Amino acid sequence: MNYILNGIGNLKSGVLFGTAAYIIIIFFLYILKVRKSISWKCVVEAIFCIYVITLLKTTGIFTLNFSLNGIFNYNLIPFIGSSIIPVLLNFILFVPYGFLLPFVFSSCKWNWRKVVIIGGITSLVIELLQMFGGRYAEIDDFLINTFGAFFGYIIYTCAHELKKNRKKAVAYFLSLCVAFIIAFMGIYVVGDNERQLPDGLDAVEGNLAEINVYSGGEERKVEVDSEVYNCFTSQVSNCGGHMLEPRSIDESEIWNDSDSFIEIIYFSPQTIVFENSVDFSISNADRILYNADRNLLYWGNSYYQNCVDYTELTGELQEHRNEILEGYERLRILIIECFS
């Protein structure tokens, strides 16, 4: 679910900034007299710009914190321990690349080798940027992204071939689909696909009574399938590298009208454990409260008794502090949007 919600958010940004980028590009092309008329190709070019921005947003290129410390953050062993869902999503992410390239740059003579080379180079550059930008570079991503671009080009070829030889185009596409299924079945067998038990707040979702958000002294109820709740569960569960040292608090110091909060109430006290943190868990809590302005998590039974600070990080994550807190800012914005 979080993959889908993040993808939707990235697509929204892609539409906004991709459209703006294309308008600027086409404006200069007309000034320089490279482009003299408007045609259907402009629509495809705009879609390509939107796709490129979405791709860069999804791969985190805009938020990387570059450092030579990340030079060893890579894995060159393919598909060992890989989960099929991220692999499939990486594949889908690059399919439009191979499909749109021949449309946008139609003056070039395209074949599958050129698309594979360009798709591979693009994926390699992204992985290298991620390696030096504080993220993990995977040979899996490089291979699957390149295969996705190749698959996209085959779809383009089949669509183009339909006008000439429909049977050949359909047979070609079906053969590729069979190869695709066999390849992903092999990845599934090799990868780590044991059934994952629910973690963190997801594991106790069945006992959820209500979800409230607060901002500016106002209160609203939200649903369990809302974007703000899913963003919150993801943020709280992503606690690896945080120095989560619980301390006792007085509930009277928590509330104020200037900050934004999200509150989860359960029917009965819950014990919540987190896969990313072996030293932190929440016990005997029938309510959880998060201050999205100060990144403080509160919990207790009948009233709030305990607190941890999500801004305290281990030494390994200190250099990524600003990037992490910028990611947390999204929850505060989503809470505020509930009142707009």
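This one's a predicted model, so the numbers in the text were calculated from it and none came from an experiment.
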Using a strict cut-off of less than 4.0 Å between a Lys/Arg side-chain nitrogen and an Asp/Glu carboxylate oxygen, indicate whether E227 and R330 qualify as a salt bridge.
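Between R330 and E227 there is a salt bridge, with a charged N closer than 4.0 Å to a carboxylate O.
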Could you state whether [X] and [Y] fall into the same hydrophobic cluster, counting links through intermediate Ile, Leu, Val, Met, Phe, Trp or Tyr residues with side-chain heavy atoms under 4.5 angstrom apart?
X    : Y    : result
I249 : Y303 : no
I288 : I265 : no
L56  : I24  : no
V52  : F28  : no
Y298 : L244 : no

Can you confirm whether I282 sits close enough to Q270 that some side-chain heavy atom of one is under 4.5 Å from a side-chain heavy atom of the other?
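Of all side-chain heavy-atom pairs linking Q270 with I282, none is under 4.5 Å.
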Is Y51 close to L100 at the side-chain level, that is, under 4.5 Å between some pair of heavy atoms?
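In short, these two side chains touch, coming nearer than 4.5 Å.
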Value rounded to 0.5 Å, distance of [atom1] in [X] from [atom2] in [Y]:
X    : Y    : atom1 : atom2 : answer
R247 : L296 : CZ    : CG    : 6.5 Å
N207 : S268 : CG    : OG    : 5.0 Å
S226 : I211 : OG    : CD1   : 5.5 Å
E127 : I139 : CD    : CD1   : 8.5 Å
I118 : T146 : CD1   : OG1   : 11.5 Å
T233 : L331 : OG1   : CG    : 10.0 Å

Check D293, N212, I335, L289 against F261 for a side chain to side chain contact (heavy atoms under 4.5 Å, CB included) and give me the one that passes.
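The residue from D293, N212, I335, L289 that satisfies side chain to side chain contact (heavy atoms under 4.5 Å, CB included) with F261 turns out to be L289.
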Just checking F99 against W110, ring centres under 6.0 Å apart?
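F99 vs W110: aromatic centres not under 6.0 Å.
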Tell me whether the centres of the aromatic rings in Y290 and F232 are closer together than 6.0 Å.
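Between Y290 and F232, the centre distance is under 6.0 Å.
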Would you check if the side chain of [X] reaches a backbone N or O of [Y] as a donor-acceptor pair within less than 3.5 Å?
X    : Y    : answer
Y153 : V116 : no
T54  : I50  : yes
D250 : E253 : no
S106 : P102 : no

Look at the aromatic rings of [X] and [Y] and report parallel, tilted or perpendicular, splitting at 30° and 60°.
X    : Y    : result
F274 : F280 : parallel
F94  : Y97  : perpendicular
H242 : Y310 : tilted

Quick one: do C49 and F17 satisfy side-chain contact (heavy atoms from CB on, under 4.5 Å)? Show the steps, please.
CA-CA 9 Å; C49 284; F17 294 107; over 6 Å; no
Chi angles and distances behind the side chain to side chain donor-acceptor pair (under 3.5 Å) call for Y22, E45:
CA-CA 8 Å; Y22 180 69; E45 291 171 343; 2.6 Å; yes
Kindly indicate, with the supporting measurements, whether the criterion side-chain contact (heavy atoms from CB on, under 4.5 Å) is fulfilled by N295 and Q235.
CA-CA 10 Å; N295 301 112; Q235 181 165 314; 3.9 Å; yes
Heavy-atom closest pair, residues P96 and I92:
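Answer, listing the atom of P96 first, then I92: CD-O, 3.2 Å.
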Shortest non-hydrogen contact from G300 to Q305?
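Taking G300 first and Q305 second, the nearest heavy atoms are CA-OE1, 3.3 Å.
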side-chain contact (heavy atoms from CB on, under 4.5 Å) with R220: which residues, sequence neighbours excluded?
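R220 satisfies side-chain contact (heavy atoms from CB on, under 4.5 Å) with V213, E218, F339 once adjacent residues are dropped.
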More than 12 heavy atoms of other groups within 6.0 Å of E223 CD
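Count not over threshold, so no.
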Tell me whether Y30 at atom OH has more than 12 heavy atoms from other residues, nucleotides or ligands lying less than 6.0 Å away.
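Buried by this count: over 12 neighbours within 6.0 Å.
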Could you walk me through whether E263 and Y304 pass side chain to side chain donor-acceptor pair (under 3.5 Å), step by step?
CA-CA 11 Å; E263 181 181 46; Y304 293 105; 2.7 Å; yes
Trace of the side-chain contact (heavy atoms from CB on, under 4.5 Å) decision for F105 with F48
CA-CA 11 Å; F105 303 100; F48 185 72; 4.2 Å; yes
